[in-house]
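Working notes, structure below.
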Protein chains: 4
Amino acid sequence: MKTVEEYFESVKKLKPKVYVAGEKIKNLIEHPNTRPAVNAIAKTYELAFKPEYKRIMRAKSHITGEEINRFNHVARSIGDLNLRVELAILTSKLIGTCNYRCAGCDVFVALDSITYEMDKKLGTNYYERFTAYLKYVQENDLACSGGLTDPKGDRRLRPFQQPDMYLRVVEKNDEGIIVRGAKLHQSGAFATHETIILPGLSLREGEEDYAVAFAVPNGAKGLTYILQETPEDAERREVKNLNYVGLPDYGVRLTCIMIFDDVFIPWDRVFMCGEVNFTRKLVWKFASTHRMVGAACKVGFGDLIIGATQAIAEYNGVAEAPHIRSKISEMIYLNEKSRACAIASALKGEPTESGAYFPHDIFANVAKLAAARGFHEMIKYAIDVAGGLVVTMPSESNLENPEIREYLKKYLRGVEEVPAERRMRMMKFLQNWVAGPHLAGAWHGGGSPEAQKLTIYALSNLKELKALAESISGVDKIGAK
Amino acid sequence: MKTVEEYFESVKKLKPKVYVAGEKIKNLIEHPNTRPAVNAIAKTYELAFKPEYKRIMRAKSHITGEEINRFNHVARSIGDLNLRVELAILTSKLIGTCNYRCAGCDVFVALDSITYEMDKKLGTNYYERFTAYLKYVQENDLACSGGLTDPKGDRRLRPFQQPDMYLRVVEKNDEGIIVRGAKLHQSGAFATHETIILPGLSLREGEEDYAVAFAVPNGAKGLTYILQETPEDAERREVKNLNYVGLPDYGVRLTCIMIFDDVFIPWDRVFMCGEVNFTRKLVWKFASTHRMVGAACKVGFGDLIIGATQAIAEYNGVAEAPHIRSKISEMIYLNEKSRACAIASALKGEPTESGAYFPHDIFANVAKLAAARGFHEMIKYAIDVAGGLVVTMPSESNLENPEIREYLKKYLRGVEEVPAERRMRMMKFLQNWVAGPHLAGAWHGGGSPEAQKLTIYALSNLKELKALAESISGVDKIGAK
Amino acid sequence: MKTVEEYFESVKKLKPKVYVAGEKIKNLIEHPNTRPAVNAIAKTYELAFKPEYKRIMRAKSHITGEEINRFNHVARSIGDLNLRVELAILTSKLIGTCNYRCAGCDVFVALDSITYEMDKKLGTNYYERFTAYLKYVQENDLACSGGLTDPKGDRRLRPFQQPDMYLRVVEKNDEGIIVRGAKLHQSGAFATHETIILPGLSLREGEEDYAVAFAVPNGAKGLTYILQETPEDAERREVKNLNYVGLPDYGVRLTCIMIFDDVFIPWDRVFMCGEVNFTRKLVWKFASTHRMVGAACKVGFGDLIIGATQAIAEYNGVAEAPHIRSKISEMIYLNEKSRACAIASALKGEPTESGAYFPHDIFANVAKLAAARGFHEMIKYAIDVAGGLVVTMPSESNLENPEIREYLKKYLRGVEEVPAERRMRMMKFLQNWVAGPHLAGAWHGGGSPEAQKLTIYALSNLKELKALAESISGVDKIGAK
Amino acid sequence: MKTVEEYFESVKKLKPKVYVAGEKIKNLIEHPNTRPAVNAIAKTYELAFKPEYKRIMRAKSHITGEEINRFNHVARSIGDLNLRVELAILTSKLIGTCNYRCAGCDVFVALDSITYEMDKKLGTNYYERFTAYLKYVQENDLACSGGLTDPKGDRRLRPFQQPDMYLRVVEKNDEGIIVRGAKLHQSGAFATHETIILPGLSLREGEEDYAVAFAVPNGAKGLTYILQETPEDAERREVKNLNYVGLPDYGVRLTCIMIFDDVFIPWDRVFMCGEVNFTRKLVWKFASTHRMVGAACKVGFGDLIIGATQAIAEYNGVAEAPHIRSKISEMIYLNEKSRACAIASALKGEPTESGAYFPHDIFANVAKLAAARGFHEMIKYAIDVAGGLVVTMPSESNLENPEIREYLKKYLRGVEEVPAERRMRMMKFLQNWVAGPHLAGAWHGGGSPEAQKLTIYALSNLKELKALAESISGVDKIGAK
């Protein structure tokens, strides 16, 4: 397993084409908009060596029996699912933003299951290929991201009606395939060693070119990454002291668009190619795990938001006011509800034929939906308790100017024992959560709430519930026509 | 274990003083307002003999090793907690109202734990007494209710400031104690064999007389039961054909006030007497289990409400309309969320020193709060989908009158294959849930949401979360004064 | 104008065929299920003679210039609309249930406008007929109800696909028309002098038989009324002392199904017959007024619910607790929000060509939607504050039994100065609102929330708002293709 | 009245000490963080000369009878209140951020009323002074801001317990007073000609030094402005083409802290000095108007958010999907509800003794609360409809780089006729609203929701509602003790 230093060394060797705000980035580690993602991923290496976190951060490979980073592990038990939830909460709590490895991990579980089933049904050898690839990843302790979401263009049209708006195979040959298209919302892909690509939706006959799953190394020929642009990203480019932005090392989640301009993928990295009938289940199983994990991720954030809100309440001297306590209670309720749902989905999980474990499907979707809605509610309460200063607070950089330093120190302190600097920094930290891109990220990451609602509806057994109501009410004693 | 017939025989022997609407009830089995409770309890005996439900309905006594009804079991493992949740869901689904045994069961677990701890600390012998009593209950397969809520009078006053408004010991002697007071909201106590009484709040020094826990048999001398009065109870007294009220056998939950007019309790039935320092934990542990169970109970109801709503949507021909599907999705979400929380509280449970298992405290409170709020939301959607007929539907008894029968059959049918009678009965069934006492019951049963909020706040670790936020934001790098 | 005594005299002469629970009612005034509606309507006569309410209760006829009951008035100014809102709030507050005349009144305004427009466009003489009829109503000071909702059967089918499921003309001749069908959810129609019928939806070509509006006198040949059946109706049939049911004179809203079994309507009472192109606007304009009024009605109820909740909080000694005050604040907020929306819809109203005034369409729909949702939220808070006793309280009739009277007086009092009887009665009063049919009534009366949402969407100017966003963002500087 | 050019000229003469991010700003018009406020204020001058907006933008001075900018007008009629609402909506819609003059305007109305009442009661001559000052403002067509919020420090302490944390008079002499302290959350004060200061809370005896109201010109000696720091402010400092930030001319609201380091105020600019008994009403009346206006302001923003959401739905080809329409319906409902409440508060307004008109107090508070909560709900729906791209969209500046331009144009278009640039810009525009400081601004501007709840509770007549419930339920027939 890699130490954090070894991870940094490995990043130095990466040479992806990455652009932000129209400029090509020269150095992943030095640029203020890529460094935070490198830091976050580094944390996943660092934590794996901390004795108190080894239980969560490490797992035993079902392939080699060796200890590996849990982000590269395919869950083989209920215990693994439970620890997968703990892993997501822990990293969210200690990083305060995306760890950039969840989607990759969750793709592994889905592929383990579906490649196995394809082989069994179709006589292909995807499972062997995939297992060999995963072994390579585990043995080299690589950080992997996962990519699903296609640009979609006009959403009324199917993939085949708007070529390239969904990533597709444009050529196959003896060595491999050539793919073209793009994947959106890729969290930190530019800073991972590998990205594993899946189709982003259920495909139908005639859409075989779009039914493609494969692994691509960072910086492969033809691959371009273009970063998102939020104001937080600009602020980070400008600020002289990162402590002033509230979350110095990590900041907000960094996503990018990955563009595949005819990228070659050798066959040993291709895990699905044309099997449209398996796309629904592949997407579904990925979604199930990723929604459990997405909920857990928000719970970790929730812990930070609650902690920051409580801190400010104390700084302001209002922590004991009944309406403040009531609001903080609501925040705790919302966060613990999401936590409970994520845990239930793990503990009621079940294996598929390959031996990979998946969470309880309905609960996983419920957890993600509860977490998205809970996040939205939580920021309301956080804003309420923190007060308007959460957005009107001047920058800490003002404290470096002696003309105004004393004014701010005098007027921005809270209770006597809390100096203005602490209050200013904590406000800035909370601003990250309540006045930035996190809400939209929580809402749509892992699929939109509408997707979860549809899934929950599809999975429910309305026929049985209807029969139950008809029985207990005595309706079934009356003949239907 | 008693068969359902044996239970009915045992009820015939009970001679409690029960009043409803000003009249004394002569026969528990025949009176329309006590019969439904007898029926519901009977169902808990009947189900215990059904092969498909034995796994849930039965447990192995930790005292005797014999098979017993799970309602008389003290959970000894995570598996037991999980089955306790399943038990509550199952009985709610199949009875459609209270089973009247949950509080009794949950009192047993709390007493098992606290009597053990009292003995250990104080050298008393409550645990032995309690175990002997529980063995008696198990061996005779008795149905037990549990009572906590005191009348409270002026809520600004403590118990000692308004004697009798909280149940208390008025005399102690060699044989036992004499108690006076009342317990409110007692679900079905008049139809159970035994009621176990606990204090309803944390008590302080000087309030020793109120710190009393004991078991009292049905119909003990000095004991009076006065039933609630909801319109549903009046309807049941009047209606000629119970099928017309929507839930023929069980109806809405039947509660009563139990009045203790100097009731004698022998020492072997006394499980706490004066130990104020243990009341907080006793109430707390009861609440924890009972909130998990209360949430599960509402999930069972939720399944019926969803089933009824879907049935009506189909009868009306609108089940496929997008806005109907969206609303039913929301109902499923709400119900599954409560289910997930209840399950998480069970699966993350832990034992106390006596070996009794309790659910995860925060999750149990979260589950109950989610279930109460979810119930409130669910009835909104149920009403929305069902339409105004859910309250404006005429009675099925009109169908017996040939002057109007054909009018109703003609005009009240839904889609062609669903005759009016089915639609009328299902509407009446749903009316029970959306226009009756269930919402208030779901809200306050097991403690009000405000109690859950206070508990969640008290249990949370705000100090740690604050420290976490101060660390990750870098606030802790700035010295506090 | 009729005095209340004259109204009672007039009711004695009514001989409608009315059924409840399978029995034909012999005497409208004496039967416990029709008397409350008679009482409520009587109140609208009584209030019109109270000096303090004349401003609200009376209006000046635009036909005769005489003073009339405002329920028979067609609004001719913004002031009239404002007083229409006040009328609905006042009667709801003082009756505590439906006044049974709102729909009739709101039908008049819609017909005034649309008959005028039909005549102008089609050369018919509906307006003259309608005005003559309205003059007759005003001069005889008749109480009128209005009927729109058809049974609908299979909601996927149009009227012509399921004859009779929508009320229709089955014959026309020189004297008039013969109609067949039914109207649902008719509030108190059996106790009004007249009912005015409109189509319940927008009709299309080929559905001319269903495009019919007319007035029918109470008890016309072929007309049958079948009452709803809620538990509250059964309770009222049984109880010996009406004071014990919480709202002694009026109870919950009483609706019925009106069945038209080939009822003859002379031409001078027919106000639309076949003009499908005007049905949309007719329904729409009725809905607009009725939604403003429906919102106002709920505000009156809200005042009572808030008052009852505050009363119980004081009885319990908790009125000053912060969380109780917070919940009551929320209730006031919810109710005042609905009030503000209803008032805004009135004060921004506008006339149509006939001179009749209608509220602001969007605001009227917003008001109704806010009121329905607000009602749902309010009962949650009312239940929360009142506690479980709101459904577990025994009947006051128990106080007549000396065996248990003193128990209840002792244990059911609240703060010392509030005797148990007051608390019991107020709980029963609140039970009416929070555990009965009112929520469903508030939800669907005047059209379901889904209808309001569709109307709001249809009325909004999304095109303009989109253009505004495109302009201010600078998007419109970029050429579209 | 000033033309927009004259306003710009007047700004060039202003020389305030303004700091942002630690740097002193040299030129208000050129600096990217002050220019947007200048632009917004300029718009209020520009619009006053547009024929279509004169009705809203101009009023007739009650002092001089001359036409003035409505922002300097004291409402003298219901019509004025109605136009005050329209003014706020219009400027919000056309500026897309704060116009920076509302607080100033609302302070004028409050001072007009309270100075009049102070003089009448105390024999002071504040009203004359104030009127002379207001005449000067009107005749010179000055842009004014208003300041209330003090830093507060430890919120458990009263002003006199923590000197300077609430702005106060430190010296009085023949010429005037000297004030010290700070005012927070001052929107755009640095770019207005004048700021009028009021106390921020109700004061008690012994706190006379804090009961001070006065006007201070921009850049007075001893006055310092320190700007807020949001990421949006940093982005604006960096970006080369302002079109790329979504709201090119105006951006997000710009607030500052105003620091009064012993600023001298001559007596003719002092409008209250020590009259603690009038502070409650002064704050209250300001709040009433400002909450009505604050609600209206959010409605204008709401129109833009709805427009942007609809635009993106169309760009994505999903505008006709039922769930999208449902969500947009909800947005319209939320916004129109706030609009209706603001209008109702205006149209039910009333004058005080001075002749100044104020909105209906409860409705004004309800409107603000509805608008804050509605804003929070609206951004949820906007995010839902827009999708994750609202935060993951790369900057338009990438389009200037030929290496990646075509990728973005290809992959970021929506439906065929909408080029990627339009979609990118609209996403950025919406990002402003849903991932920036607006929510917190909407929440706390004009006072926090908790303040509105307290005000609503204090204003309500619970005693009367309780009596009503006791009467209609028959409770009052039972004697209280």
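Below, chains carry the letters A, B, ... as their sequence lines are ordered, and counting in each starts from 1.
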| task | Name the region of Ala346(C), side chain, backbone, both or neither, that has any atom closer than 4.5 Å to a heavy atom of chain D. | result | neither
| message | Heavy-atom pairs under 4.5 Å with chain D: which of Ser471(C), Ala370(C), Ser338(C), Ala308(C) has the most? | response | Ala370(C)
| Which pair of non-hydrogen atoms, one from Ile343(C) and one from Ala344(D), has the smallest distance, and what is that distance? | CG2-CB, 4.4 Å
| Residues, nucleotides or ligands: over 12 heavy atoms within 6.0 Å of Lys463(C) NZ | no
| field | Residues of residues 239-249 of chain C near chain D, each having a heavy atom less than 4.5 Å away | value | Asn243(C), Gly246(C), Leu247(C), Pro248(C)
| task | Grab the two heavy atoms, one from Ala311(D) and one from Glu470(C), that are nearest each other, plus how far apart they are. | result | CB-OE2, 4.5 Å
| message | Using a 4.5 angstrom heavy-atom cutoff, name the option from Glu336(D), Arg339(D), Glu421(D), Arg325(D) with the most pairs to chain C. | response | Arg325(D)
| query | At what distance, to the nearest 0.5 angstrom, does OG of Ser473(C) lie from CE of Met426(D)? | reply | 4.0 Å
| task | Pick one of side chain, backbone, both or neither for Asn82(D), based on which atoms fall under 4.5 Å of a heavy atom in chain C. | result | side chain
| query | Is the closest side-chain heavy-atom distance between Ile332(D) and Ser460(C) below 4.5 Å? | reply | yes
| query | Non-hydrogen atoms of chain D under 4.5 Å away: do they reach the side chain of Ile95(C), the backbone, both or neither? | reply | backbone
| field | Straight-line distance of Leu468(C) CG to Gln310(D) CD, nearest 0.5 Å | value | 13.0 Å
| message | I'd like to check Leu465(D) versus Thr309(C) (side-chain heavy atoms, cut-off strictly below 4.5 Å). Are they in contact? | response | no
| query | What heavy-atom pair brings Leu462(D) and Ile328(C) nearest, and what distance separates the two atoms? | reply | CD2-CG2, 3.9 Å
| task | Name the option with the most non-hydrogen atom pairs under 4.5 Å to chain D; the candidates are Glu450(C), His360(C), Arg423(C), Lys337(C). | result | Lys337(C)
| Do you know which two heavy atoms are closest between Val475(C) and Arg422(D), and how far apart they sit? | O-NH1, 3.6 Å
| field | Contacting region of Phe363(C) [heavy-atom separation from chain D under 4.5 Å] | value | side chain
| message | Among Ile456(D), Ile362(D), Ile306(D), Leu369(D), which residue has the highest count of heavy-atom pairs closer than 4.5 Å to chain C? | response | Leu369(D)
| Just wondering, do Tyr457(C) and Glu330(D) contact through their side chains at under 4.5 Å, heavy atoms? | no
| query | Between Ala458(D), Gly96(D), Gly307(D), which shows the greatest number of heavy-atom pairs under 4.5 Å with chain C? | reply | Gly307(D)
| request: Grab the two heavy atoms, one from Ile472(D) and one from Leu304(C), that are nearest each other, plus how far apart they are. | output: CG2-CD2, 3.7 Å
| field | By salt bridge (Lys or Arg N to Asp or Glu O under 4.0 Å) - contacts of Glu314(C) (at least two apart) | value | Lys466(D)
| Lys428(D), Glu464(D), Met424(D), Arg373(D): which one forms the most heavy-atom pairs within less than 4.5 Å of chain C? | Arg373(D)
| request: For each of Ser345(C), Gly474(C), Ala342(C), Ala340(C), tally heavy-atom pairs with chain D at distances under 4.5 Å, and name the one with the top tally. | output: Ala340(C)
